[in-house]
Amino acid sequence: MARRRTLVSTSILDCDLSDLARESLRAFKAGSDRLHLDVMDGHFVPNITFGPTVIKRLRHVGKQPFDAHLMISEPGRYVDQFIDAGCDSITFHVEVEEPIEPTLLKIRKAGRQAGLALRPATPLATLEPYRELLDIVMVMTVEPGFGGQSFMTDAATKILPAHELFRDREVGRPRGQVHVDGGVNRHSAKLCGELGAEVLVVGSTLWQKGVDIAREMRLIRALADEGYENGAGRGEADAGARTERGETA
Ligand code: DX5
Ligand code: ZN
């Protein structure tokens, strides 16, 4: 049995939006480690969802972390409101046409986790200038804007190398995490684990009619953990053994 490592962050984008509190509680009761909140402004992506006011009203549900995924063109203009709403992490897109660093610094100054997300076509190298300010790298494996899309395997190839952005992390700073977001389900979970993803954002597959959310979440987590043991985890274990033996990494 693989050691439990993978965390699930449930996306509520495709839940019954007429009762967000009930659906969020259902996700937590089913074992979700975090809640993934997809904020869309109808400009950065061709869809509009909800904002900080809704998140603030939802915050009383559960104690688990809230992860805001901002698919908006002006994250700097609204970031204070998402901090005030109680988001534990705030991730916005590196493709926005405004300064990135001040917003990352503001999130961290508020004691929250700061993240940058990448559209499928955006290379990982665009994050290099910000790597010291990142706690989360969110690899999108669908075009942002809608749930229920198919997993883009070619975009997933960024997951393993994304961990390099957290190398030689300043002492005392928690390790960074790679979140994979879009089309994650029982068919793509193993690959996500093989590539070392720490957090799997899981949405529509949980909200299908008749699905046992808790069972589906356990299956996805187990597949990802198994993938990790046979993939990135084996690589890390081998590297650790070489270091133990005094061999160069
Ligand atoms: C898409 C969102 C994702 C999506 C995940 O723009 O960022 O979080 O809701 O849902 P599924 O798992 O259905 O792709
Ligand atoms: Zn998302």
Side-chain angles (χ1 to χ4, degrees), residues 6-17 20 23-24 26-27 30 32-52 54-55 58 64-73 75 78 82 85 87-96 113-122 135-156 158-159 162 177-193 197-209 211 213 216-217 219-221 223-224:
T6 310
L7 300 174
V8 167
S9 187
T10 300
S11 161
I12 54 172
L13 184 64
D14 280 6
C15 77
D16 172 1
L17 295 170
L20 278 180
E23 297 284 79
S24 303
R26 258 180 83 199
S32 190
D33 302 286
R34 308 173 74 96
L35 200 69
H36 183 91
L37 300 148
D38 288 308
V39 177
M40 301 180 189
D41 64 0
H43 183 258
F44 185 78
V45 290
N47 194 2
I48 299 176
T49 55
F50 46 78
V54 170
I55 294 175
L58 208 50
Q64 294 85 335
F66 273 19
D67 296 324
H69 175 195
L70 306 186
M71 288 159 276
I72 65 176
S73 297
Y78 297 102
F82 287 99
C87 297
D88 299 271
S89 78
I90 300 171
T91 297
F92 59 98
H93 274 260
V94 72
E95 300 91 357
V96 295
Q113 286 186 299
L116 282 175
L118 293 157
R119 287 178 184 271
T122 304
D135 303 301
I136 291 173
V137 169
M138 190 173 289
V139 174
M140 295 295 298
T141 40
V142 295
E143 266 315 311
F146 299 91
Q149 302 176 74
S150 303
F151 186 83
M152 296 167 73
T153 315
D154 50 343
K158 288 181 260 184
I159 296 170
Q177 287 180 323
V178 177
H179 292 219
V180 53
D181 184 14
V184 177
N185 55 35
R186 58 170 67 189
H187 307 296
S188 53
K190 195 153 182 268
L191 175 62
C192 295
E198 285 82 4
V199 179
L200 270 52
V201 177
V202 188
S204 53
T205 197
L206 298 175
W207 303 112
Q208 309 287 342
K209 210 157 176 47
V211 165
I213 298 188
E216 200 61 28
M217 230 179 261
L219 176 63
I220 286 170
R221 210 184 261 118
L223 287 166

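Counting convention: from 1, in listed order, for ligands and their atoms alike. Please read all numbers here as calculations on a predicted model, not as lab measurements.
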Nitrogen or oxygen atoms of [X] and ligand 1 under 3.5 Å apart:
X      : result
Asp14  : no
Gly145 : yes
Val202 : no
Gln149 : no

Residue [X] vicinity, atoms of ligand 1 by number, heavy atom under 4.0 Å:
X      : answer
His36  : 8 (O)
Gly147 : 10 (O), 13 (O)
Leu13  : 9 (O)
Gly182 : 14 (O)
Pro144 : 6 (O)
His69  : 7 (O)
Gly148 : 11 (P), 13 (O), 14 (O)
Met40  : 6 (O)

Item checked: Angle subtended at the Zn ion (ligand 2) by His36 NE2 and Asp38 OD1, rounded to 10 degrees ->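 My answer is 90°, to the nearest 10°.
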Next item on the list: Just to the nearest 10 degrees, tell me the angle at the Zn ion (ligand 2) spanned by His69 ND1 and Asp181 OD2.
Entry: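 Result: 90°, to 10°.
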Notebook entry, point to check: Any side-chain heavy-atom pair from Ser89 and Asp135 closer than 4.5 angstrom?
Noted result: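 With C-beta onward as the side chain, the pair stays apart.
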Checklist line | Side-chain heavy atoms of Asp181 within contact of Thr91, under 4.5 Å | finding: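 SC-SC contact between Asp181 and Thr91 ruled out.
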Item checked: Plane angle bin for His93 and Phe44 - parallel if under 30°, tilted between 30 and 60°, otherwise perpendicular ->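 Geometry flag for His93 against Phe44: tilted rings.
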Check: For atom 14 (O) of ligand 1, which candidate among Ala117, Gly183, Gly203, Ser188 provides the closest heavy atom?
Finding: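 When every heavy atom of Ala117, Gly183, Gly203, Ser188 is considered, Gly183 comes closest to atom 14 (O) of ligand 1.
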Notebook entry, point to check: Heavy atoms only: which of Thr205, Leu206, Thr10, Asp38 is nearest to atom 7 (O) of ligand 1?
Noted result: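 Result: the heavy atom closest to atom 7 (O) of ligand 1 is in Asp38.
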Checklist line | Check against side-chain contact (heavy atoms from CB on, under 4.5 Å), Leu37 and Ile12 | finding: CA-CA 6 Å; Leu37 300 148; Ile12 54 172; 3.5 Å; yes
Item checked: Qualifying residues under salt bridge (Lys or Arg N to Asp or Glu O under 4.0 Å), relative to Lys190, sequence neighbours excluded ->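 Only Glu194 meet the salt bridge (Lys or Arg N to Asp or Glu O under 4.0 Å) criterion with Lys190.
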Next item on the list: Specify the closest pair of heavy atoms between Val142 and Ser150, including all atoms of both residues, with the distance to one decimal.
Entry: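 Minimum heavy-atom contact is CG1-O, 3.5 Å.
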Margin query: Show the nearest heavy-atom pair for residues Ala30 and Met217, with the distance to one decimal.
Written below: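 Between these two residues, the closest heavy atoms are O-SD, 3.8 Å.
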Margin query: Quick check: His187 with Phe151 (ring centres under 6.0 Å apart)?
Written below: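 No - the distance between ring centres of Phe151 and His187 does not fall below the 6.0 Å cut-off.
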Next item on the list: Using a strict cut-off of less than 4.0 Å between a Lys/Arg side-chain nitrogen and an Asp/Glu carboxylate oxygen, indicate whether Asp88 and Arg34 qualify as a salt bridge.
Entry: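 Answer for the salt bridge query: no.
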Tell me, which protein residue and heavy-atom name are nearest [atom], and how many Å apart are they?
atom                    : answer
atom 8 (O) of ligand 1  : Asp181 OD1, 2.6 Å
atom 1 (C) of ligand 1  : Phe146 O, 3.6 Å
atom 13 (O) of ligand 1 : Ser204 OG, 2.5 Å

Next item on the list: Test side-chain contact (heavy atoms from CB on, under 4.5 Å) on Thr10 and Trp207 and set out the steps.
Entry: CA-CA 10 Å; Thr10 300; Trp207 303 112; 3.7 Å; yes
Check: Hey, mind stepping through Asp38 and Val201 against side-chain contact (heavy atoms from CB on, under 4.5 Å) and telling me if it holds?
Finding: CA-CA 11 Å; Asp38 288 308; Val201 177; 5.7 Å; no
Check: Under the side-chain contact (heavy atoms from CB on, under 4.5 Å) criterion, do Phe50 and Ile55 qualify, and how do the steps go?
Finding: CA-CA 8 Å; Phe50 46 78; Ile55 294 175; 4.2 Å; yes
